[in-house]
Number of protein chains: 2
Amino acid sequence: MLRISRLTDYGTVILVYLAQRGDRLCSASDVAAETHVALPTAQKLLKVLAKAGLVESTRGSEGGYCLARPPSSITAAEIVDALEGPVAITECSTEASQCELESMCHTGGAWQRINQAIRDALADVTLDELDCPPPAARTPAHKTAGVTARQQR
Amino acid sequence: MLRISRLTDYGTVILVYLAQRGDRLCSASDVAAETHVALPTAQKLLKVLAKAGLVESTRGSEGGYCLARPPSSITAAEIVDALEGPVAITECSTEASQCELESMCHTGGAWQRINQAIRDALADVTLDELDCPPPAARTPAHKTAGVTARQQR
DNA sequence: CAATATCGGACTATTTTAGTCCAATATGTT
DNA sequence: AACATATTGGACTAAAATAGTCCGATATTG
Ligand code: SF4
Ligand code: SF4
């Protein structure tokens with residue numbers, strides 16, 4: 001149903017938390033406790049994020065993680081890229097397409113346009129903009145004017 | 001990696017083929033042969049599309065499928081909705097969110113904005129615009145200026 | 001040296017997706 | 001009326017992606 005993986009979702013939650021903490025180091029267990037992400041999951045995510053260069057790690061006692069760059073320079077597109085690979089809405093959106101229908105397919109071009117549109121939408125949101133409070137807690141219209149998500153068919 | 005399912009992909013290929021055939025009926029085996037989608041897969045897809053009201057079926061000998069509406073009135077968003085359910089980039093994008101982090105999550109609102117942007121991008125492409133081959137065979141002067149994703153703000 | 005916390009990888013379980021099959025039903029033709 | 005063709009609906013199996021867990025190695029602090 002066209003969704004990001006739960007890992008990616010939780011990854012952004014963790015990154016937002018790190019952004020709030022500024023330059024202070026946070027251990028994996030610290031992050032897990034504060035975000036309520038399961039500890040092993042948080043560990044795994046932080047490892048991946050460190051490898052991707054989005055967070056920096058410090059080993060040893062009193063070690064931990066912190067953001068590698070200012071939150072305003074990290075986009076949702078980068079986060080998705082890091083955690084689940086580049087956006088590729090169809091098989092033929094990747095470099096090494098293995099779609100057997102490609103030779104006679106009539107829709108690939110349009111999908112690639114859509115792919116780019118999604119990519120632009122993701123690249124347009126930075127980590128500090130991601131810190132956008134409540135999805136639930138259906139409190140009356142706050143400053144978040146246009147955030148309605150009508151999903152029913 | 002944020003992609004539509006292969007079924008959805010093949011579903012659009014089939015719909016584009018039906019669009020090309022106009023009002024003429026096509027049997028499932030006809031569709032399979034022309035699009036090179038495996039026959040059982042094509043059958044399954046046509047059934048789902050018929051149930052969603054995107055194609056109409058005629059039973060019996062010489063029966064088959066055809067589009068229920070003109071191609072220009074069918075959008076990619078509808079196709080995705082029909083084949084894999086409404087776009088819901090995160091768990092909390094759905095009506096019945098079951099995310100256990102929701103109460104303390106700081107990112108849900110932003111994801112819903114992104115969700116809407118993706119939805120808009122999909123709703124902006126109609127079935128006849130979808131008929132666009134991937135690599136070569138570029139028709140002159142396309143009207144394709146309309147796939148912009150900047151819907152937010 | 002001892003305590004703490006990351007690092008790297010491998011492993012299992014779960015869920016989702018893909019693909020297949022069969023019996024029932026409807027329609028046109030012989 | 002009987003037959004051949006083609007959709008319909010559901011259930012079923014197989015395959016793949018995802019989620020989550022675990023453990024030994026390594027680096028840093030004190
Ligand atoms: S759009 Fe066409 S070429 Fe691209 S993956 Fe789908 S079927 Fe294959
Ligand atoms: S964005 Fe937050 S509330 Fe929404 S699904 Fe992800 S963790 Fe849950």
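Numbers restart at 1 for each chain; the letters A, B, ... are given by sequence-line order, proteins then strands.
Taking A:T58 as the reference, A:L25 meet the side-chain contact (heavy atoms from CB on, under 4.5 Å) condition, with sequence neighbours excluded. Under the side-chain contact (heavy atoms from CB on, under 4.5 Å) criterion, B:S61 pairs with no residue at all, not counting sequence neighbours. With sequence neighbours left out, A:Q20 forms a side-chain hydrogen bond (donor to acceptor under 3.5 Å, both in side chains) with A:D131, B:H106. In this structure, the side-chain contact (heavy atoms from CB on, under 4.5 Å) partners of A:N115, at least two apart in sequence or on a different chain, are A:V87, A:I89, A:S93. Judged as a salt bridge (charged side-chain N to carboxylate O under 4.0 Å, His left out), and not counting sequence neighbours, B:R6 has no contacts. Here B:R59 pairs with nothing under the salt bridge (charged side-chain N to carboxylate O under 4.0 Å, His left out) rule; sequence neighbours left out.
For DNA chain D, none of the residues of residues 12-27 of chain A falls under the heavy-atom distance limit of 4.0 Å.
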Show me the side-chain donor-acceptor pairs of residues 35-55 of chain B shorter than 3.5 Å, one per line, residues at least two apart or across chains.
{"from": "B:T35", "atom 1": "OG1", "to": "B:V31", "atom 2": "O", "distance (Å)": "2.7"}
{"from": "B:T35", "atom 1": "OG1", "to": "B:V37", "atom 2": "N", "distance (Å)": "3.3"}

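Going from atom CD of B:E84 over to atom C1' of C:dA18 covers 13 Å, rounded to whole Å. With rounding to whole Å, B:Y65 atom OH is found 11 Å from D:dG9 atom C1'.
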Under-3.5 Å N/O pairs linking protein and nucleotides 28-30 of chain D:
{"from": "D:dT28", "atom 1": "O2", "to": "A:S61", "atom 2": "N", "distance (Å)": "3.1"}

Using a cut-off of 4.0 Å between protein heavy atoms and nucleotide atoms, how would you tag nucleotides 13-24 of chain D 5' to 3' with B, S and -?
-----SSBB---
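Applying the salt bridge (Lys or Arg N to Asp or Glu O under 4.0 Å) definition to pairs two or more places apart or across chains, those involving residues 10-34 of chain B are B:R21-B:D30. Residues in residues 73-94 of chain A take part in these salt bridge (Lys or Arg N to Asp or Glu O under 4.0 Å) pairs, two or more places apart or across chains: A:R69-A:E78, A:D81-A:R119, A:E91-B:R3.
Side chain of B:E129 to backbone of B:T75: no donor-acceptor contact under 3.5 angstrom is found.
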